[in-house]
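Report on the structure given below.
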Number of protein chains: 2
Amino acid sequence: MATISDVARAAGVSPATVSRVFNGGRVTAERAERVRKAAADLGFSPNRVARSLRTQRASVIGLLVPDVENPFFASLARGVEDAARRTGLSVVLCNTDDDVEKERGYLGIALAEQMAGVIVAAASRTHTDLSALVARGMPVVAVDRRPRAAEVDAVTVDNQHGGEDATVHLLERGYRRIACITGPAGASTSEDRLAGYRAAMRDAGTPDEQTRACTRHGDFRAEGGHTAMRELLALPTPPDAVFVADSLMTVGALQALREAGIEPPGFGVLSFGDLPWASLVRPPLTTVELPSYDLGSSAAELLRDRLAGSGKPLQTVVLRTVLQARESTAGPVPSG
Amino acid sequence: MATISDVARAAGVSPATVSRVFNGGRVTAERAERVRKAAADLGFSPNRVARSLRTQRASVIGLLVPDVENPFFASLARGVEDAARRTGLSVVLCNTDDDVEKERGYLGIALAEQMAGVIVAAASRTHTDLSALVARGMPVVAVDRRPRAAEVDAVTVDNQHGGEDATVHLLERGYRRIACITGPAGASTSEDRLAGYRAAMRDAGTPDEQTRACTRHGDFRAEGGHTAMRELLALPTPPDAVFVADSLMTVGALQALREAGIEPPGFGVLSFGDLPWASLVRPPLTTVELPSYDLGSSAAELLRDRLAGSGKPLQTVVLRTVLQARESTAGPVPSG
DNA sequence: CTGAAAGCGCTAACAG
DNA sequence: CTGTTAGCGCTTTCAG
């Protein structure tokens, strides 16, 4: 691997000049040309590790998500990666599985690796600790979920509004005993979507104890949705519709319904977050669409601004959801 | 950020000793303890960038995939990440969009960033050029797709066997005029799956011209599957089943069938590659499951061995597919 | 077993 | 505009 000195020697200039050519310093056109030619001949490209050590900042950012197999986070990751690429940044992918310990490990690596910054969908609203990074001056952007006490920029979705929208839609379509399968108790997204659901139910005059009895916490995976749905169906007075706060959990819930011989829209099903194959599921699913890709790209842009030294006060960008009504919530009595 | 010298000073030893403590060199227990305590007090963790520069090898590997939003690659990425984590490696995620230029850019970054190694699902069998990395001694593992001329380790799927399995299954279920929609003519995955289909048909005594008449090439997208299926249905003697060599194309094919008022399993449908929601499609789809996660973890382990200096000759690991029989291939006569 | 010293490749003052 | 110089933080001979 050719170094900057090799190029300097070949071009008959000093290493500093070579560096300047590659970093936009003032160099006469003629010399610059000679350097570029020498570099090309030697197949030289600047060693980023050495540069990082010298400048004390890297061109790598960390992205911590619970699980990239979740289509929502895959799309978010894609948004981050595309935006980062435009800025010349590389993205290190870290799956935390919503495990605070695992997350802590990755945050430590981000520090040790001197990453330029970190975008994190926090594993826990209360236990995720970003203070070490903030204290060291490393820019952090919270995405999707915002850890409670963190002094960081954030890009989130209006989950409460989305949950309320979803529930109101189900009510309007005539469902009465509407259940909710939300995510882990710690996560802010779970809580907010649940809060939206609760608010809408309360507005509709549903007694709080019924609402509570019809609420389950899952794990943002198909498995959790399946278990939760089975529990709900086993209730003395089972629900007639369900608002599932995550697309993967919806898959599990649908499976449980099918096993029980129950079909939408007789039983209403509304998913928070797109199913990639929504059009193939029968009947087509009503969903609350999340701007997952934009969430990622916005976060990366916010981080980029911070890296560029934007002195703005901390900001939180909130993106809106869009309700996509389809047949799975057509109404409690099968139309026909 | 505390440095190794800070710790050395605090512990009253030399930087070299601190380094030894953190890298398993021989140090007396008493001194080691003092160093560890000082390190803990200062919140010290070794600067990986400096270490990389010094040792000339990083603890970061690159992962190049076409698109992490494709569930197959998301799962593969997860497999890589999990295995890398166990080895103390971090993964940089790169989406190439099957664009050779983009891929080239990322390979250059891998070089400049002095990454420890690279795992790549090549954008092109013929145009992907891994030689620069190989020449510089950077370990490379090809995954899923193997660029033709590359001297690298590889982990692939036994596509031919999978295609044969699929076709035999359809034959056993009583379908007779089995069609095949495979991918682009250039891709090795397309060709291999098609070869498996042909072999099975030949073994079953089907005349070659029928097999050929019932074969179509698509583009690995829903659109291509849709077009191909329509053509097949328009044949003088249309098929009674189809083996679709890609999950997205299956989506298109199913849509075409639905438009024609045809339903599985009267018309058999078998998809190569999981649809994440396979069990939700009505009727549930029979699929040839690809070991996407294992593909990733195996690749990462192979890379780990290379990094550890395994002097073995280059190897190619071939993983088997698993046929998951469901209702969409229950048999040519609608049961019931 | 331990410390001193010499860089890994690059950039950022500082003179010239 | 250009070259010289001095490290960034760490590991690794080489003496002791």
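In the text below, chain A, chain B and the rest are named by the order of the sequence lines, each starting its count at 1. Since we're looking at a predicted model, the values are computed, not measured. Note: hydrogens, waters and symmetry copies are ignored here, and every other heavy atom, side chains too, is used.
The pair A:Asp98-A:Arg145 meets the salt-bridge criterion, with a side-chain N (NZ, NE, NH1 or NH2) lying under 4.0 Å from an Asp/Glu carboxylate O. Salt-bridge check for B:Arg34 with B:Glu30: passed, with a basic side-chain N closer than 4.0 Å to an acidic carboxylate O.
By the neighbour-count criterion of 12 heavy atoms within 6.0 Å, atom CZ of A:Arg306 is densely surrounded, having more than that number from other residues, nucleotides or ligands. Within 6.0 Å of CZ on B:Arg57 lie no more than 12 heavy atoms contributed by other residues, nucleotides or ligands.
For A:Ser19, no side-chain nitrogen or oxygen approaches OP1 or OP2 of C:dC10 to under 4.0 Å. Distances shorter than 4.0 Å separate some side-chain N or O of B:Ser14 from OP1 or OP2 on C:dG3. Put simply, B:Asn23 has a side-chain N or O that comes within less than 4.0 Å of OP1 or OP2 on D:dT11. OP1 or OP2 of D:dT2 sits under 4.0 Å from a side-chain N or O of A:Thr28. Between A:Gln56 and C:dT11 there is no side-chain polar atom (N or O) within less than 4.0 angstrom of OP1 or OP2. Applying the 4.0 Å criterion to OP1 and OP2 of D:dT12, one finds that B:Arg51 has every side-chain N and O outside that range. Considering only side-chain N and O atoms, A:Thr17 lies under 4.0 angstrom from the phosphate OP1 or OP2 of D:dG3.
Between A:Asp6 atom CG and C:dG9 atom P the separation is 8 Å, expressed in whole Å. Rounded to a whole Å, the CZ atom of B:Arg20 is 16 Å from the C1' atom of D:dG9. Between B:Leu53 atom CG and C:dA6 atom P there is a gap of 18 Å when expressed in whole angstrom units. D:dG9 atom C1' lies 15 Å from atom CG of A:Leu111, rounded to whole Å. If you take CZ of A:Arg9 and P of D:dG3, they are 14 Å apart, rounded to a whole angstrom. A:Arg136 places its CZ atom 13 Å from the P atom of D:dG9, with the value rounded to the nearest Å. Computed from coordinates, the B:Glu30 CD to C:dT2 C1' distance equals 13 Å when rounded to whole Å. Taking atom CD of residue A:Gln114 and atom P of nucleotide D:dC8, one finds them 13 Å apart after rounding to whole Å.
Evaluation of atom-type donor-acceptor distances gives no pair under 3.5 Å for the side chain of A:Arg48 against the base of C:dG9. Between the side chain of B:Arg54 and the base of C:dG9, no donor-acceptor pair under 3.5 Å is found.
B:Ser59 and B:Ser52 make their closest contact through N-OG, 4.4 Å (heavy atoms, listed as atom of the first residue, atom of the second, distance).
B:Phe22 comes within 4.0 angstrom of no nucleic acid atom, judged by non-hydrogen atoms across all strands. Using a 4.0 Å heavy-atom criterion, one finds that A:Val18 contacts no nucleic acid atom at all.
Between B:Gly12 and B:Ala50, the one whose closest nucleotide on DNA chain C sits nearer the 5' end is B:Gly12.
The side chain of A:Thr55 lies closest to C:dT11, out of C:dT11, D:dG3, D:dG9.
Listed by chain and residue number, nothing satisfies the side-chain hydrogen bond (donor to acceptor under 3.5 Å, both in side chains) test with B:Thr96 (two or more places apart in sequence, or in another chain).
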